[in-house]
Protein chains: 2
Amino acid sequence: MELRHLRYFVAVAEECHFGRAAERLHMAQPPLSQQIRQLEKEIGVELLHRTTRKVSLTAAGERYLERARNILRAVEQAGEEAARVDTGEVGRVSIGFIGSATYALLPVLARELREQLPEIEFEFTGEMLTPAQVAALHEGTIDIAVMRTPVQDESVEVEVMRQESLVVALPETHPLAAKEAVRFADLKGEPFITYPSEHRSVLHDAVLAAAQRAGFQPRRVAQVAETSTMVVFVAAGLGVAVVPRSVEALQLAGVVFRPLVGAESVELAIGWHSERRTPAVERVLERLRVSLAEPDAPA
Amino acid sequence: MELRHLRYFVAVAEECHFGRAAERLHMAQPPLSQQIRQLEKEIGVELLHRTTRKVSLTAAGERYLERARNILRAVEQAGEEAARVDTGEVGRVSIGFIGSATYALLPVLARELREQLPEIEFEFTGEMLTPAQVAALHEGTIDIAVMRTPVQDESVEVEVMRQESLVVALPETHPLAAKEAVRFADLKGEPFITYPSEHRSVLHDAVLAAAQRAGFQPRRVAQVAETSTMVVFVAAGLGVAVVPRSVEALQLAGVVFRPLVGAESVELAIGWHSERRTPAVERVLERLRVSLAEPDAPA
DNA sequence: CGGTATTGATATGCTGGGGGTATGGAGCTT
DNA sequence: AAGCTCCATACCCCCAGCATATCAATACCG
């Protein structure tokens, strides 16, 4: 069975006449008859009812005609679509966001991108840790990651977009909540809520480093995988958490955010797999560079 | 472009390896490479990214793969479906109802048929006059007609199902409404609402004949194309109408139906085009014969 | 009713292209 | 550097698809 069979069948069905159909197909009538017979034999159904004077469609033929037309149209469209994908005009792009960027950035970017590139289908995932993002880039689960530096992976290309200063999330009843700003040293002895250390969270490492510089070892009371959970834990008064400033977008009753003086900032970057730079991905990267250009803005 | 190209492409895309794909396709690797090149050239897009060591899909190729799979599945299904149409297992059947059967029969039969033959798609049309039904059978607009005899058309086969006695529809304020039954002669001088005579309504002819036997010429005050309109006109007190008993199903405030004694009955029949007896139509005819077997029942 | 034209099926030969084998060349592995 | 893997190229063969010629059946026409 080949597309030829379908094209020939459609022609004969539309003309209801082998001779005219053959003419339309720029071929002689006998081979056309042969091909139609072959088709009928292959699917095991009589599609045309022929007398020596008249050709008409059987019920099965009528239904098959519709299908055949659809299939031929689909074949054409598939080619055209592939061409559009090739130019990046259409495409599918999946973006994975680091946990702390899930609340301030994901909604804004999702809206912007869908608006600016309506022909591209987007898929957004939030609350990913950087190592998971790297793995996902490798597997092809995501095409682009909005992530934290550093990333040491040969095939993942990274571009730093902005610096995000760190803030501390405090229960509103906490004594430090009364201050305008908090020094990292003030947090000595406080119960810390952190990301899980075994997954090598960049933020987690940054917090450890900052604490060490301030001369103490943070006391960890809980390790959570998601930023929202972290903030909820703070709201519940279980402890404090150090997060990038953009997490302030996640306003919750019972939680206040205070600037951390003397703490280093963390980098927000975009990353992609060097071998998965499809045209659509390229266009999205362009837009992301523009959208994420403002330094250290909350959104 | 042939289906072969799609099959080959799917194989290569799935294996990401020309050699293995060729093996799977029971062919050698070089011609496979050729065919894929040919495909790419035809749609003008690079579908596969090859190095001498690795084959991978481009973005366009990935999309094309999905489409190709769908197309191949569609081709298979089209054949299977045609086979099912051939055995009457599935199909589409359009049934046209004569006006006076629209209200009592159409809803009942529609429900029954859909229930008994769920694999068949039905289309029902009501309020057709017999000549229009014959024309529709010829054009193929309908496959089966629930109609009135007689039909004099060579290619339309007719089977009488039941006799329907005639009743008269009267405004409820009409003096005759007080009687249990009405003789046709009682209607002498009454204003009649009829179907349009120029369309050769069978019922119209039957009424004229009955009137002639009763010794008068009916006075026609209105001609309507639809039975529902006819009954509405009677309800409005514009006149009386003679209709088959099954129209009683169309209950309307202000209208009463009374049996007509001494009036002949009309025949309800099913008709179909002798050259459009598809397997599905055949199966529907079977069911109709059973459903319409009860003589002169209102439904 | 016979002759003719029309139309689909059958018979037969030719040709192009799809598929075969042999080989080349690029890039991993060891 | 040698060898292996794997896709591309070169070249050839054979069959499938198409053409031409013809037949068979039916409608049409005088």
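Chain naming here is simple, since letters A, B, ... match the order of the sequence lines and numbering starts at 1 in each. The figures here come from the full heavy-atom set of this structure, side chains too, leaving out hydrogens, waters and symmetry mates.
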Practice task
Just say parallel, tilted or perpendicular for the rings of A/His273 and A/His138, cut-offs at 30° and 60°.
Solution key: perpendicular

[X] [atom1] to [N] [atom2], straight-line distance once rounded to whole Å:
| X | N | atom1 | atom2 | value |
| --- | --- | --- | --- | --- |
| B/Ile36 | D/dT9 | CD1 | P | 14 Å |
| B/Arg7 | C/dG18 | CZ | C1' | 14 Å |
| B/Leu48 | D/dA8 | CG | P | 9 Å |
| A/Met27 | D/dG17 | CE | C1' | 8 Å |
| A/Phe18 | C/dT10 | CZ | C1' | 14 Å |

Salt bridge or not between [X] and [Y]? Use side-chain N to carboxylate O under 4.0 Å.
| X | Y | result |
| --- | --- | --- |
| A/Arg63 | B/Glu81 | yes |
| B/Glu14 | B/Arg69 | yes |
| B/Glu15 | B/Arg24 | yes |

[X] side-chain N/O to [N] phosphate OP1/OP2 under 4.0 Å:
| X | N | answer |
| --- | --- | --- |
| A/Ser33 | C/dA9 | yes |
| B/Gln38 | C/dG18 | yes |
| B/Arg37 | D/dC7 | no |
| A/Gln34 | D/dC18 | no |
| A/His17 | C/dG8 | yes |
| A/Arg50 | C/dT7 | no |

Problem - B/Ala28, nearest nucleotide to its side chain (from C/dG20, C/dG19, C/dG8) - result: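 That would be C/dG20.
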
Problem - A/Val55 side chain, from C-beta outward: closest of D/dC18, D/dA8, C/dG8 - result: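 Out of D/dC18, D/dA8, C/dG8, the nucleotide with an atom closest to A/Val55's side chain is C/dG8.
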
Exercise for the section: State, without any angle test, whether A/Ser33 and A/Gln29 hold a side-chain donor-acceptor pair at a distance under 3.5 Å. Expected result: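 There is such a pair (donor and acceptor under 3.5 Å, judged by atom type) between the side chains of A/Ser33 and A/Gln29.
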
Exercise for the section: Specify the residue among A/His5 and A/Thr51 whose closest nucleotide of DNA chain D lies further upstream toward the 5′ end. Expected result: A/His5

Exercise for the section: Using the closest heavy atom to pick a nucleotide of DNA chain D for each, name whichever of B/Cys16 or B/Pro31 lands nearer the 5' end. Expected result: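 Per heavy-atom nearest nucleotide, the more 5' residue is B/Cys16.
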
Exercise for the section: Give B/Gln29 one of three labels, base, sugar-phosphate or nothing, depending on what nucleic acid heavy atoms sit under 4.0 Å from its own. Expected result: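 Here B/Gln29 touches the bases of the nucleic acid.
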
